[in-house]
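Notes to accompany the following structure.
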2 protein chains.
Amino acid sequence: MNAPLKPPKRTRIQTEKRERILEAALEVFSTNGFRGSTIDQIAEAAGMSKPNLLYYFRSKEDMHQTLISKLLDTWLEPLRELDDSRDPLTELRGYIRRKLEMARDYPRESRLFANEILQGAPRILPLLEGELKSLVDEKARIIKNWIRAGRIAPTDPYHLIFSIWATTQHYSDFDVQVRAVLGYDHYGEGRFEDAARFLENLFLDGLRPRG
Amino acid sequence: MNAPLKPPKRTRIQTEKRERILEAALEVFSTNGFRGSTIDQIAEAAGMSKPNLLYYFRSKEDMHQTLISKLLDTWLEPLRELDDSRDPLTELRGYIRRKLEMARDYPRESRLFANEILQGAPRILPLLEGELKSLVDEKARIIKNWIRAGRIAPTDPYHLIFSIWATTQHYSDFDVQVRAVLGYDHYGEGRFEDAARFLENLFLDGLRPRG
DNA sequence: CTAACGTTTGTCCATTCAGTAAAAATGCAC
DNA sequence: GTGCATTTTTACTGAATGGACAAACGTTAG
């Protein structure tokens with residue numbers, strides 16, 4: 001089941017070069033979007049000439065496709081870890097934290113993904129309807145069971161997941177806006193801890209003062 | 001204080017045509033991003049020739065700039081309405097609902113904005129650092145007062161506002177993903193009501209079961 | 001009618017950009 | 001080394017696109 005199609009059989013050099021190119025492509029695509037990026041930019045960022053780059057990747061599309069495919073797997077990992085058998089609130093808190101850590105550690109991936117969805121997900125709609133939907137369905141079932149058992153408050157599991165995605169990815173996708181509003185002085189290393197504390201609080205207890 | 005600079009002194013026809021162009025430009029820019037859109041596309045959508053369009057707008061930049069400027073005002077209106085003097089929870093619930101309604105009624109504007117921020121806000125960073133920051137600072141002060149008075153639970157007002165932005169705009173910006181995950185059968189007219197109910201619940205009470 | 005003005009169109013140009021072709025250089029097995 | 005495969009460079013093509021411009025068209029005031 002592991003990589004069922006074409007074992008590309010690459011030399012060490014090819015693997016390394018492809019890696020370097022993808023790294024550069026991620027940088028460029030995530031800041032300029034697909035149409036806003038040029039092969040020349042990517043080539044420059046990867047430290048090689050455009051035709052040389054095109055020796056390793058057939059086309060611009062090809063690079064983008066490769067990036068997106070690799071991305072989705074990493075992206076869903078935190079959700080996959082959501083575990084039936086442990087304490088619900090701890091599990092959800094853990095999920096939020098892992099997702100926020102991804103936003104912190106992989107902001108370029110997040111923006112690449114956001115760009116793709118914003119444009120209507122032309123290249124990954126099938127993946128969203130298939131793999132993504134299945135996973136979310138599965139985890140939603142888990143959450144529903146928690147609710148039925150009275151272990152978390154009744155709520156819509158799908159929208160819950162959406163809101164976790166939205167709030168955490170906001171810190172990578174809208175980073176510029178966050179920084180502008182918080183002001184560049186207050187915006188040190190502690191900001192992700194602040195966000196984490198806030199989100200944990202919000203999702204667990206909400207705004208209404210607890211009796 | 002109304003339109004302090006250059007009264008453009010336009011004929012009725014000019015106003016109408018410019019309106020028609022901006023409408024078309026919004027449609028095109030919001031689906032393809034700035035670089036992904038061509039003047040020809042916009043001209044076609046507006047039902048006129050490219051040179052004709054360029055008679056009304058100096059350049060592609062010009063159209064984009066005009067759209068973005070108009071946008072921010074509308075965009076901040078819901079937050080402006082947040083009122084010191086009324087019940088905090090009602091006020092915040094009202095803000096969430098208004099913001100969600102904007103996401104429903106102006107998805108193209110939302111995506112245009114998201115695109116701009118994603119690319120690093122090259123054209124509106126000053127506005128974010130100025131107008132936006134001031135407004136948020138002002139409203140954050142109100143929220144802090146509510147907290148001090150014990151009328152809402154202690155939390156970070158800035159991150160609270162961010163999370164309201166994130167969750168509501170998610171339904172316009174990531175609409176494709178939301179639809180793909182919910183499945184197209186369950187995805188009828190009621191979805192915005194579902195989202196509204198969920199968010200209200202989340203922000204007010206969180207997930208922990210109330211005693 | 002006609003001069004003046006605002007509007008529209010057809011045509012053109014320069015640039016950018018994805019992708020190709022083929023030669024040149026490099027590495028590598030023997 | 002010699003011959004073969006891989007990699008890199010130089011030079012180019014063709015399409016897309018933003019924008020310029022002048023001529024043509026229409027409308028209206030006198």
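A, B, ... follow the sequence lines: proteins, then strands. Residue 1 opens every chain. Quantities reported herein were computed from a predicted structural model and do not represent experimental measurements.
At dT17(D), none of the side-chain N or O atoms of Q41(B) fall inside 4.0 Å of OP1 or OP2 (strictly under the cut-off). Taking only side-chain nitrogens and oxygens, N52(A) never comes nearer than 4.0 Å to OP1 or OP2 of dT7(D). Within the structure, a side-chain polar atom (N or O) of Y55(B) is placed less than 4.0 Å from OP1 or OP2 of dT7(C). Regarding contacts with the backbone of dT9(D), a side-chain N or O of S49(A) is found under 4.0 angstrom from either OP1 or OP2. Distances shorter than 4.0 Å separate none of the side-chain N or O atoms of R18(B) from OP1 or OP2 on dT7(C). Considering only side-chain N and O atoms, S59(A) lies nowhere under 4.0 angstrom from the phosphate OP1 or OP2 of dA18(C). Taking only side-chain nitrogens and oxygens, K50(B) never comes nearer than 4.0 Å to OP1 or OP2 of dA20(D).
Counting non-hydrogen atoms under 4.0 angstrom, Y56(B) reaches the backbone sugars and phosphates but no base. Nucleic acid contact class of I39(A) (heavy atoms, under 4.0 Å, all strands): sugar-phosphate only.
Between D40(A) atom CG and dC12(D) atom P there is a gap of 17 Å when expressed in whole angstrom units. Distance, R20(A) CZ to dT7(D) P: 13 Å, rounded to whole Å.
At least one test fails for K70(B) against the ring of W75(B): distance under 6.0 Å to the centre or angle within 45° of the axis. Annotation: cation-pi pair R123(B)/F34(B) present, NZ/CZ under 6.0 Å from the ring centroid and within 45° of its normal. In this structure, R111(B) is not positioned above the aromatic face of F174(B) in the sense of NZ or CZ being under 6.0 Å from the six-membered ring centre and within 45° of the axis.
No donor-acceptor contact under 3.5 Å links the side chain of K60(A) to the base of dG19(C).
The pair E193(A)-R97(A) counts as a salt bridge, with a side-chain nitrogen and a carboxylate oxygen less than 4.0 angstrom apart.
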